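The sequence lines fix the lettering, A, B, ..., with proteins before strands; numbering per chain opens at 1. Everything numeric here is computed off the predicted structure, so don't read it as measured data.
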Protein chains: 2
Amino acid sequence: MKLSGGVEWALHCCVVLSRASAPVPSARLAELHGVSKTYLAKHLQALARAGLVRAAEGRDGGYALTREPAAITVLDVVEAIDGDQPAFRCTEIRQQGELALPPEECRVPCGIARVMAEAERSWRRSLAGTTIADLGASLDPARLDRVLGRG
Amino acid sequence: MKLSGGVEWALHCCVVLSRASAPVPSARLAELHGVSKTYLAKHLQALARAGLVRAAEGRDGGYALTREPAAITVLDVVEAIDGDQPAFRCTEIRQQGELALPPEECRVPCGIARVMAEAERSWRRSLAGTTIADLGASLDPARLDRVLGRG
DNA sequence: AAAACGTGGATAGTGTTTGTCCGAGATTAC
DNA sequence: GTAATCTCGGACAAACACTATCCACGTTTT
């Protein structure tokens, strides 16, 4: 099981945006974290499509959160970047091959698929229990403004 | 987030093995489920390396479980196929770029990494709550022997 | 000896991830 | 109006993992 690497970047960016006093350009966000500017821009676009951030175009533009940091969960960011498709996709093996079950016994989802889905629900529930506000509590806004100000 | 497709095959195979009265060859397991013989063989080798199944070589050989089905959890199979590496790997972004934190503030894992690790623990705990014995309860051993017997 | 079977490596095809580049459009400052 | 700054969106390519196949080899039973 693997999570897209962009998730980490996006979470750090959201934390920064939650404590910034003005929109931050994507290139600036990349410099703050020492990551690729062009690739980070891609991920920020995904966050924008998901409605988590808004882009202010033009000069002095940049990205800002659309909601209160306490109203954005880690799960929101993960799904924006990584997609909301389930990690396990049942291919209905039980209906194939010599051991195939008749269709009338397959109205209920396969037991394996049920276990996988339940585990994934646990994972999502856990991620939804932390917000950007929680993560940003330890970041000093004054320090952030100082670093951003003299850019 | 994505789970390897072989996980599904491996789980179905373990369920079959838990209810079979004799070792089952890999080619036979593939036929039972209508999947690729050569590729399934690869996954079975992974199960063998993980110690979940044992291969009997030579004529009339095949695979069998090494333990009681009730002692093999879904998590065991998932980790055997997909690996036990965490889905989220923290790259210590907090120590990079202009906003980098000094090393002395980084003795404790980053908050983002903590949230991800906790969510993954929930996922694993959930998968460990179901065993092969649970999954195999609905498979009729008589029917399996009938299908296997006249191969 | 012969047949059946797993082992492990070599080899491809395919798809996803990661990352770059550039032109177009929007907005502000002068 | 013009220039500067910034985002947007798509095209593009390299790297990697996943999926899948094949074969030479050793082992075991008949």
Rounded to the nearest Å, what distance is computed from the [atom1] atom of residue [X] to the [atom2] atom of nucleotide [N]?
X	N	atom1	atom2	answer
L44(B)	dA20(D)	CG	P	14 Å
L3(A)	dC16(D)	CG	C1'	17 Å
L29(A)	dC6(D)	CG	P	12 Å
H43(B)	dA17(D)	NE2	C1'	13 Å
Y63(B)	dC5(C)	OH	P	12 Å
L40(B)	dG6(C)	CG	C1'	12 Å
W9(A)	dG19(C)	CH2	P	5 Å
R59(B)	dT7(C)	CZ	P	19 Å

Checklist entry - Side-chain donor or acceptor of Q45(A) under 3.5 Å from a matching atom on the base of dG9(D)? => result yes

Item to check | Polar side-chain contact K42(B)-dG6(C) base: donor and acceptor under 3.5 Å | outcome: no

Between the side chains of [Y] and [X], is the shortest nitrogen-to-carboxylate-oxygen separation below 4.0 Å, so that they form an ion pair?
X	Y	value
R114(A)	E118(A)	no
R94(A)	E105(A)	no
E8(B)	R89(A)	no

Next on the checklist: Set out, in order, the CA-CA distance, both residues' side-chain angles and the distance that settles side chain to side chain contact (heavy atoms under 4.5 Å, CB included) for V7(A) and M116(B), then state yes or no.
Outcome noted: CA-CA 10 Å; V7(A) 168; M116(B) 291 298 185; 3.7 Å; yes

Item to check | Upstream residue (5' side of DNA chain D) when R49(A) and K2(A) are each assigned their closest nucleotide | outcome: R49(A)

Taking only side-chain N and O atoms of [X], does any of them lie within less than 4.0 angstrom of OP1 or OP2 on [N]?
X	N	result
Y39(B)	dA12(C)	no
S36(B)	dT21(D)	yes
S4(B)	dT19(D)	yes

Next on the checklist: Looking at every non-hydrogen atom in both residues, tell me the closest pair between G129(B) and D134(B) and how far apart they are.
Outcome noted: O-OD2, 4.2 Å

Checklist entry - Relative to the 5' end of DNA chain C, which residue comes earlier, A56(A) or G6(A), by the nucleotide with the nearest heavy atom? => result G6(A)

